[in-house]
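A short worksheet on the structure shown next.
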Protein chains: 2
Amino acid sequence: MQTFTMPLPLTDHIKKFVDLSAADVDVINAAVSVKTLKKKTFLLEPDHVCKELYFVSKGCLRLYFINKKLNEQITQFAIENWWITDHDSLESGKPSKYAIQAVENSEVISITKTKLEELFIAVPQLERYFRIVQLRAFTAAQKRIEFIYSMTEEERYWHFSSLFPGFLQRVPQYMLASYLGFTPQFMSKIRAKKT
Amino acid sequence: MQTFTMPLPLTDHIKKFVDLSAADVDVINAAVSVKTLKKKTFLLEPDHVCKELYFVSKGCLRLYFINKKLNEQITQFAIENWWITDHDSLESGKPSKYAIQAVENSEVISITKTKLEELFIAVPQLERYFRIVQLRAFTAAQKRIEFIYSMTEEERYWHFSSLFPGFLQRVPQYMLASYLGFTPQFMSKIRAKKT
DNA sequence: CAAAAAAATGAATCACGATTAAGAAAACAC
DNA sequence: GTGTTTTCTTAATCGTGATTCATTTTTTTG
């Protein structure tokens, strides 16, 4: 008897960075689970402990918290081939301040922290994969801090929209405003200038 | 004949996260070099390609760039047991916008990217070590973005000074102001309030 | 120790973007 | 397809923190 394993986008992604044997692929696929999410579904709600990491295979998710002024503050988006989770809660086991929610109908590949630790033993190449992915994430975060500190909010908007033109179409403007750190009203003002 | 190897703080740090044999320690120590830096010494100057990573064993370094208003914008400090480098330039091989400079008389353990890649082959546990260290760095960067977006500049100052009281004594106030994203003048104003 | 450089403070004015409060337009649901 | 929720826009006022310029204090160096 032959078993068919659907080629998972996750292992494809990993293979871009490290070698995986067919057996490795099976071990990984057995450790993860695929979730299909309707728009607005929550993968993590505030005050819950975050137990899993999510790899976006389709769609778009957001990570946000409620700030003191009771507004949603988005700190991260994740589209295809990006990981998203609250690492802080995941590592510490403490309740999260964050929510993770599907912005579009999406599909994620999820893995619990526990399973991931087992995978690091079973498939040691994953240490390298996650080191590289983590480095990229850190570099992106550093660059973001650099932009925050060196551009006005208006400059940040034009910069972002030139870097990721397609993204503007995918998320509501008020979410992008939140991610960029300003109000939807201000965003309207900006857009009204240069049509 | 017996050779004495000075116990390097770097391998001590690595051992907190992964196991190293005596041989591993030797291999690592052979790959790195120790640099003693007088205050204000540069490890990286703008427009140069960054070739090395630095582990601070003593003292304090800063990473900064010159923004459009021609002010120094500090994006990172590194004290004992932290790594500092311009990952972006290091990975891409492109000239850096950043400077890395000693804020105090310091000692760093440096390793070139090339040597580090060799080390990953020779001592595979380092993949795990750097994965973990990288994750911590990313989590810290994420938290910083969270603070930037959820506190006023004044709140950020008080928050920072309560989190790292000792640090206030170590760096000039204008550098902390830069790191926190505001002007030295504003910092004076804040401090004048609550004395 | 004196001179020079670096760092911190102070006050007055100004600008960017928040806030508030509407209303208009789009998207969604039944 | 029309009623409802969500998203986007417009305009007036307000506040935080930047800017500018000057002075004082501290640190460094010869």
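Quick caveat: nothing in here was measured; it's all calculated off a predicted structure. Protein chains get the first letters and strands the later ones, always in sequence-line order, with residue 1 at the start of each.
- Hydrophobic clustering of Ile, Leu, Val, Met, Phe, Trp and Tyr side chains at less than 4.5 Å, counting indirect connections, keeps B:Phe160 apart from B:Met151.
- Protein chain B contacts DNA chain C from C:dA7 to C:dG10, reading 5' to 3' and using non-hydrogen atoms of the protein with a distance under 4.0 Å.
- Residues B:Ser178 and B:Glu72 bring no donor and acceptor atom of their side chains to less than 3.5 Å of each other.
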Donor-acceptor contacts under 3.5 Å from residues 86-94 of chain A side chains, at least two apart:
residue, atom, partner, partner atom, Å
A:Asp86, OD1, A:Asp88, N, 3.0
A:Asp86, OD1, A:Ser89, N, 3.2
A:Asp86, OD2, A:Ser96, OG, 2.6
A:Asp88, OD2, B:Lys143, NZ, 2.7
A:Ser89, OG, A:Cys50, N, 2.9
A:Ser89, OG, A:Lys94, O, 2.6
A:Ser92, OG, A:Asp88, O, 2.9
A:Ser92, OG, A:Lys94, N, 3.1

| request: Check the pair A:Phe55, A:Trp82 against ring pair (Phe, Tyr, Trp, His ring centres under 6.0 Å), reporting the backbone distance first and the verdict last. | output: CA-CA 6 Å; A:Phe55 177 85; A:Trp82 281 87; 10.0 Å; no

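- Under a cut-off of 6.0 angstrom, the local environment of NZ in A:Lys113 is crowded, with over 12 non-hydrogen atoms contributed by other residues, nucleotides or ligands.
- In this structure, A:His13 and A:Tyr129 have perpendicular ring planes: the angle between them is above 60°, well past the 30° mark.
- Checked for salt-bridge contact, A:Lys58 and A:Glu80 miss the test: no charged N lies under 4.0 Å from a carboxylate O.
- Over its length, the helix from C:dC1-D:dG30 to C:dA22-D:dT9 turns its helix axis by 50°, as judged from the five terminal pairs at each end, rounded to 10°.
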| said: At under 4.0 Å between heavy atoms, how does the protein contact nucleotides 4-23 of chain D? Give one character per nucleotide, 5' to 3', with B, S or -. | reply: ---SSBB------SBBBB--

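- Ion pair A:Lys68/B:Glu155 flagged as a salt bridge, since at least one NZ, NE, NH1 or NH2 atom sits closer than 4.0 Å to an Asp/Glu carboxylate oxygen.
- Screening residues 36-49 of chain A for side-chain hydrogen bond (donor to acceptor under 3.5 Å, both in side chains), with sequence neighbours left out, gives no hits.
- In the hydrophobic clustering (ILVMFWY side chains linked at under 4.5 Å, chained through shared members), A:Phe65 is joined by A:Leu37, A:Leu43, A:Leu44, A:Tyr54, A:Val56, A:Leu61, A:Leu63, A:Ile84, A:Tyr98, A:Ile100, A:Val108.
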